[in-house]
Amino acid sequence: MSDTPTTPVSTFLLDGRPIPFLPGQTIMQAAQDAGVYIPHLCHHHDFAPIGSCKVCSVRVNGRMIASCTMPASAGLVVESEAADINHDRQRLTQMLFVEGNHHCPFCEKSANCHLQAVAYHLEMQDTHYVHAYPHHEVDASHPDVMLDRSRCILCELCVRASREVDGKDVFTIGGRGPHTTLMVNSASGQLKDSDVAVTDRAVHICPVGA
Ligand code: FES
């Protein structure tokens with residue numbers, strides 16, 4: 001029998017509201033269990049956090065930190081919906097929009113896209129930055145699965161799902177800086193030579209339209 005408590009042990013304050021948490025939970029997990037939305041992109045409740053997008057950053061006792069990696073503890077004072085925090089989140093989101101092909105009206109993931117949802121939550125009206133129009137390879141080599149890297153936000157959810165759920169390790173992140181990209185682990189680097197299947201969790205977990 002597990003000794004892990006299943007009822008919340010204590011609370012922290014999130015935007016003035018007491019949030020109960022279980023031992024081992026992060027601020028993000030406790031907030032989600034309490035029905036409070038903290039904008040996020042690389043977090044998924046089925047996977048260990050990697051803290052890469054920083055959209056979920058909150059102010060904890062005066063310091064900024066990713067809420068998906070920060071353990072909850074009793075008495076923390078957490079701010080999430082502050083104007084300056086949402087301003088920074090909006091700038092991060094706008095950078096993602098100009099670095100890729102995120103033209104929502106033409107995307108089949110529209111209305112079911114985390115990037116779009118975050119933009120709506122932040123009341124993003126424009127992209128602020130000049131569009132970068134970088135070149136991203138599209139992989140249409142596979143009969144059932146297509147990869148459009150121009151929509152990839154490098155959240156690594158497909159990387160984690162392929163490795164941890166599908167047991168295949170189809171995807172990885174390669175390159176540096178602005179050349180960082182999602183790569184396919186196959187001899188040719190193409191999906192057709194990988195063992196990806198349309199039923200894989202990695203194919204369905206993408207939070208955007210990649
Ligand atoms: Fe926390 Fe991406 S959701 S860093």
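Numbers here simply count residues along the sequence, with the first being 1. Here the structure is a predicted model, which is why all the values come from computation and not from measurement.
For the pair Leu122/Thr93, a side-chain contact is recorded, criterion being any heavy-atom separation below 4.5 Å from C-beta on. The shortest distance between side-chain heavy atoms of Cys104 and Phe97 falls below 4.5 Å. A 4.5 Å side-chain heavy-atom check between Gln90 and Val118 finds every atom pair outside the cut-off. Side-chain contact check for Arg17 versus Val36: some heavy-atom pair is nearer than 4.5 Å. Considering only heavy atoms from C-beta on, Arg59 comes within 4.5 Å of Asp84 through its side chain.
Residues that satisfy the salt bridge (charged side-chain N to carboxylate O under 4.0 Å, His left out) test with Asp144, not counting sequence neighbours, are absent from this structure. In this structure, the side-chain contact (heavy atoms from CB on, under 4.5 Å) partners of Gln190, at least two apart in sequence or on a different chain, are Asp139, Ser141, Ser188, Lys192.
Here salt bridge (Lys or Arg N to Asp or Glu O under 4.0 Å) pairs that include residues 88-98, with residues two or more places apart or in two chains, are Glu81-Arg89. Note on residues 201-210: pairs passing salt bridge (Lys or Arg N to Asp or Glu O under 4.0 Å), not counting sequence neighbours, are Asp46-Arg201. Sorted pairs that involve residues 19-43 and meet salt bridge (Lys or Arg N to Asp or Glu O under 4.0 Å), not counting sequence neighbours, are lacking altogether. Counting only residues at least two apart or in different chains, salt bridge (Lys or Arg N to Asp or Glu O under 4.0 Å) contacts with residues 103-124 comprise Glu108-Arg151.
At least one donor-acceptor pair under 3.5 Å links the side chain of His136 to the backbone N or O of Glu99. The closest donor-acceptor contact from the side chain of Gln29 to the backbone of Thr26 lies under 3.5 Å. For the pair Gln25 (side chain) and Leu22 (backbone), a donor-acceptor distance under 3.5 Å is present. Under the 3.5 Å distance criterion, the side-chain polar atoms of Arg160 are matched with a main-chain donor or acceptor of Glu156. Side-chain atoms of Asp166 come within 3.5 Å of backbone N or O of Ala202 as a donor-acceptor pair. The backbone N or O of Ser80 lies less than 3.5 Å from a partner atom in the side chain of Asp15, making a donor-acceptor pair. Side chain of Gln116 to main chain of Ala111: a donor-acceptor pair is present (N/O by atom type, distance under 3.5 Å, no hydrogens or angles). In terms of modelled atom types and a separation under 3.5 Å, the side chain of Thr180 and the main chain of Gly177 share a donor-acceptor contact. Between the side chain of Asn185 and the backbone N or O of Asp169 there is at least one donor-acceptor pair closer than 3.5 Å. In this structure, His40 contributes its side chain and Ile38 its backbone to a donor-acceptor pair below 3.5 Å.
For the atom pair CE (Met183) and CZ (Phe171), the distance works out to 12.5 Å, reported to the nearest 0.5 Å. In this structure, the separation between NZ on Lys54 and OG on Ser67 is 10.5 Å, given to the nearest 0.5 Å. How far NE2 of His44 is from SG of Cys155: 9.5 Å, rounded to the nearest 0.5 Å. Separation of atoms CD (Gln32) and CD1 (Ile27) is listed at 12.5 Å; rounding is to 0.5 Å. Taking CG of Leu115 as the reference point, atom NE2 of His102 lies at 5.5 Å (rounded to 0.5 Å). With values rounded to the nearest 0.5 angstrom, Arg176 atom CZ is found 15.0 Å from Thr181 atom OG1.
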Tyr133/Asn101 under side-chain contact (heavy atoms from CB on, under 4.5 Å): CA gap, chis, key distance, verdict: CA-CA 8 Å; Tyr133 300 114; Asn101 169 17; over 6 Å; no
Check against side-chain contact (heavy atoms from CB on, under 4.5 Å), Ile85 and Met64: CA-CA 9 Å; Ile85 297 173; Met64 296 302 295; 4.0 Å; yes
Evaluation steps, side-chain contact (heavy atoms from CB on, under 4.5 Å), between Cys206 and Leu157: CA-CA 7 Å; Cys206 180; Leu157 279 171; over 6 Å; no
side-chain contact (heavy atoms from CB on, under 4.5 Å) between Leu13 and Leu76, worked out: CA-CA 6 Å; Leu13 280 183; Leu76 290 181; over 6 Å; no
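Residues Ile173 and Met95 do not share a hydrophobic cluster, defined by chaining ILVMFWY side chains whose heavy atoms lie under 4.5 Å apart. At a threshold of 4.5 Å between side-chain heavy atoms, the hydrophobic network of Ile, Leu, Val, Met, Phe, Trp and Tyr places Ile205 and Val165 in one connected group. Hydrophobic clustering keeps Val138 apart from Ile153 (ILVMFWY residues linked when any side-chain heavy atoms are closer than 4.5 Å, directly or through intermediates). Residues Val159 and Val203 are members of one and the same hydrophobic cluster, defined by side-chain heavy-atom contacts under 4.5 angstrom among Ile, Leu, Val, Met, Phe, Trp and Tyr. A continuous path of hydrophobic side-chain contacts links Ile65 to Met28 [ILVMFWY only; heavy atoms under 4.5 Å].
For the side chain to side chain contact (heavy atoms under 4.5 Å, CB included) criterion with Cys158, the lone passing option out of Val170, Leu147, Leu182 is Leu182.
Shown here is Met124, whose CE atom has more than 12 heavy atoms of other residues, nucleotides or ligands within 6.0 Å. Surrounding NE2 of His114 are at most 12 heavy atoms belonging to other residues, nucleotides or ligands under 6.0 Å away. The neighbour count for Tyr129 OH, taken as heavy atoms of other residues, nucleotides or ligands under 6.0 Å away, is above 12. His204 NE2: more than 12 foreign heavy atoms inside a 6.0 Å radius.
A salt bridge does not link Lys168 with Asp195: none of the charged nitrogens is closer than 4.0 Å to a carboxylate oxygen.
Aromatic rings of Phe106 and His103 (six-membered ring for Trp) have centroids beyond the 6.0 Å cut-off, not under it.
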